[in-house]
Amino acid sequence: MGRAPCCDKMGLKKGPWTPEEDRKLLAYIQQYGHGNWHALPSKAGLRRCGKSCRLRWANYLRPDIKRGKFSLQEDETIIQLHALLGNRWSAIAALLPKRTDNEIKNYWNTHLKKRLTKMGIDPMTHKPKNHALGCDQAKDFANLWHMAQWESARLEAGRG
DNA sequence: AACGAAAACAACCGCTCGCGT
DNA sequence: AACGCGAGCGGTTGTTTTCGT
């Protein structure tokens, strides 16, 4: 059986990571870095595919990650960035340096989308669904949306 | 106290893109 | 120029935790 394992074929582990696996991956990357995800698992003594290792590192083990609850400010930033960029989670995460795309995506899908919907904002367009002009909250978000449009225009103009 | 439903969180999958050959 | 391979991305599914009955 001297054939190089092609990701799916051989007995590669899937599912949740154990503390043991985390330690191995962390230790390896701290010592050698991650030049080559494909080759990494066997070097690090892990029965995982490189993809799985990369994901685990990027979303959990990387040192520059802030874990835990999102602050109110982060909420607003994410909402604004989503208005600007749409579902480009990696782009959004790049502007929230301590958060991962996966975490932001999950947070958006489970919390923010619903919250916006409840407030009468369409989470896709970020526009108010009803034009309740007397409602302060709706005004706030209309204003926010307006600001987002400006930022979007500026980004477009400055791109290059 | 026990069970089922819903939410929150973690990880996987398929696809595309970019790079090297 | 075409192809193959690996990395990264976004959508989706699976698993754990919390909540309501």
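Letters go in sequence order (proteins before strands), and every chain restarts at 1.
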**Prompt:** Under the side-chain hydrogen bond (donor to acceptor under 3.5 Å, both in side chains) test, which residues partner A:R48, sequence neighbours left out?
**Reply:** A:E21

**Message:** On DNA chain C, does the nearest nucleotide to A:L55 precede the nearest nucleotide to A:P16 from the 5' side, or the other way round? Give the residue.
**Reply:** A:L55

**Item:** Set of residues satisfying side chain to side chain contact (heavy atoms under 4.5 Å, CB included) with respect to A:K69, sequence neighbours excluded
**Value:** none

**Message:** Suppose we screen for side chain to side chain contact (heavy atoms under 4.5 Å, CB included). Which residues come up paired with A:L112, at least two apart in sequence or across chains?
**Reply:** A:D75, A:I78, A:I79, A:Y107, A:W108, A:R115

**Item:** A:N106 (side chain) and B:dA10 (base): donor-acceptor pair under 3.5 Å
**Value:** yes

**side-chain N/O A:S52 vs B:dA11 OP1/OP2, d < 4.0 Å** = no

**Prompt:** Hydrophobic cluster mates of A:L26, side-chain heavy atoms under 4.5 angstrom, ILVMFWY only, any path?
**Reply:** A:W17, A:L25, A:Y28, A:I29, A:Y32, A:W37, A:L40, A:L46, A:W57, A:Y60, A:L61

**Prompt:** Can you name the one residue among A:M124, A:H126, A:H111 that meets side chain to side chain contact (heavy atoms under 4.5 Å, CB included) with A:L116?
**Reply:** A:H126

**Asked** A:W17 has an atom CH2; how far is it from atom P of C:dT16, in whole Å?
**Response** 17 Å

**Request:** With sequence neighbours excluded, tell me which residues meet side chain to side chain contact (heavy atoms under 4.5 Å, CB included) with A:A58.
**Result:** A:R62

**Prompt:** With respect to the side chain of A:R54, which nucleotide from C:dG11, B:dC9, C:dA7 is positioned closest?
**Reply:** C:dA7

**Message:** Regarding A:K105, tell me which of base, sugar-phosphate or nothing describes its non-hydrogen contacts under 4.0 Å with the strands shown.
**Reply:** base

**Asked** In terms of side-chain heavy atoms of A:T110, which of C:dG11, B:dA10, B:dC9 is nearest?
**Response** B:dC9

**B:dC9 phosphate, OP1 or OP2, under 4.0 Å from A:H111 side-chain N/O** = yes

**Item:** Nucleic acid contacts of residues 26-36 of chain A, taken as heavy-atom distances under 4.0 Å to DNA chain B
**Value:** none

